[in-house]
Amino acid sequence: MHELSIAKNIVEIIKESVEENDLRSIERVVLKVGELSGVVPDSLQFSLEAISTGTELESAKYEMKRIPFTIKCKVCGNVSDNELGIVKCPVCGSKDTEVVSGNELLISEIILKN
């Protein structure tokens, strides 16, 4: 369960991004989790909530936005969401493709209370 160590790193990034006194004012943190990131969103959610319990971040909500696995064909230019790990273009059948999205794991928003 490497999500626990990832959660610890995310909390550290949040602490570095928001001054210590403002941690209690964090309402929500939005994370983008790509399908190819190797992270299980439910496990990451559980880990974040577990390590935030009893801290200044206890009232913060963590929202996961799943990013689909998307490829772009270098032959015909088609961009498509594909089944995980399949890099064959569904339009022309070429395997000469590049991954456009799905590898992400990032903090996209830290929303403060009014």
Side-chain angles (χ1 to χ4, degrees):
M1 186 165 153
H2 69 286
E3 282 80 3
L4 183 58
S5 63
I6 293 170
K8 288 178 182 176
N9 287 336
I10 289 170
V11 168
E12 287 302 314
I13 292 169
I14 293 169
K15 287 181 177 178
E16 290 173 6
S17 300
V18 180
E19 289 186 32
E20 187 79 24
N21 293 333
D22 289 339
L23 288 176
R24 294 173 202 260
S25 66
I26 295 176
E27 181 176 305
R28 190 165 40 112
V29 176
V30 180
L31 302 165
K32 290 186 177 180
V33 182
E35 290 181 341
L36 284 180
S37 68
V39 173
V40 178
D42 291 343
S43 296
L44 181 58
Q45 179 86 30
F46 175 80
S47 297
L48 285 165
E49 291 172 0
I51 64 172
S52 295
T53 301
T55 72
E56 305 94 334
L57 293 170
E58 186 169 19
S59 64
K61 303 294 181 207
Y62 298 97
E63 179 182 328
M64 309 284 164
K65 289 188 175 181
R66 294 182 185 213
I67 306 298
F69 173 55
T70 304
I71 61 169
K72 180 178 181 179
C73 180
K74 293 181 180 179
V75 175
C76 71
N78 179 60
V79 177
S80 60
D81 292 349
N82 274 13
E83 286 185 42
L84 200 56
I86 296 177
V87 294
K88 184 177 175 183
C89 177
V91 174
C92 72
S94 173
K95 292 181 181 176
D96 189 11
T97 59
E98 62 182 336
V99 176
V100 176
S101 68
N103 291 324
E104 302 88 343
L105 176 57
L106 51 96
I107 299 170
S108 65
E109 297 177 61
I110 298 174
I111 300 166
L112 303 176
K113 294 176 184 170
N114 289 330

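Atom CD1 of Ile14 sits about 9.5 Å away from atom CD of Glu12, to the nearest 0.5 Å. Atoms OG and NZ, from Ser80 and Lys88 in turn, are 12.0 Å apart once rounded to the nearest 0.5 Å. To the nearest 0.5 angstrom, Arg24 atom CZ is 9.0 Å from Thr55 atom OG1.
Note on Ile13: it clusters hydrophobically with Leu105, by side-chain heavy-atom contacts below 4.5 Å among ILVMFWY residues. Residues Val29 and Leu112 share a single hydrophobic cluster, defined by chaining ILVMFWY side chains whose heavy atoms lie under 4.5 Å apart. In the hydrophobic clustering of ILVMFWY residues, with side-chain heavy atoms under 4.5 Å counting as a link, Phe69 and Val91 come out apart. The cluster map of Ile, Leu, Val, Met, Phe, Trp and Tyr, joined by side-chain heavy atoms under 4.5 Å apart, puts Ile6 and Ile107 in the same cluster. Tracing side-chain contacts under 4.5 Å through hydrophobic residues (I, L, V, M, F, W, Y), one never reaches Leu36 starting from Val79; they form parts of separate clusters.
Sorted by first and then second residue, the pairs that involve residues 67-78 and meet side-chain hydrogen bond (donor to acceptor under 3.5 Å, both in side chains), not counting sequence neighbours, are Thr70-Asp81, Thr70-Ser101. For residues 27-42, every residue pair satisfying the salt bridge (charged side-chain N to carboxylate O under 4.0 Å, His left out) rule, not counting sequence neighbours, is listed here: Arg28-Glu63.
By the side chain to side chain donor-acceptor pair (under 3.5 Å) test, Ser59 is found to be paired with Lys113, residues two or more places apart in sequence or in another chain being considered. Residues passing the salt bridge (Lys or Arg N to Asp or Glu O under 4.0 Å) test with Arg66, sequence neighbours excluded: none. Taking Glu49 as the reference, Gln45 meet the side chain to side chain donor-acceptor pair (under 3.5 Å) condition, with sequence neighbours excluded.
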For this session: Dump the intermediate steps for side chain to side chain contact (heavy atoms under 4.5 Å, CB included) on Val39 and His2, then the final yes or no.
Result: CA-CA 8 Å; Val39 173; His2 69 286; 4.3 Å; yes
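You'll find the side chain of Val75 stays beyond 4.5 Å of the side chain of Cys89, heavy atoms only. Two residues are said to be in side-chain contact when any heavy atoms from C-beta on lie closer than 4.5 Å; Leu57 and Tyr62 meet this criterion. Taking 4.5 Å as the limit, some side-chain heavy atom of Leu31 sits within range of a side-chain heavy atom of Leu48. Using a 4.5 Å cut-off on side-chain heavy atoms (C-beta onward), Ile71 and Cys73 make no contact.
When hydrophobic residues (I, L, V, M, F, W, Y) are linked wherever their side-chain heavy atoms come within less than 4.5 Å, the members clustered with Val30 are Ile111.
Glu104 places a side-chain N or O within donor-acceptor distance of the main-chain N or O of Gly102, the cut-off being under 3.5 Å.
In terms of heavy-atom proximity, Thr53 sits nearest to Glu58 at CG2-OE2, 3.7 Å.
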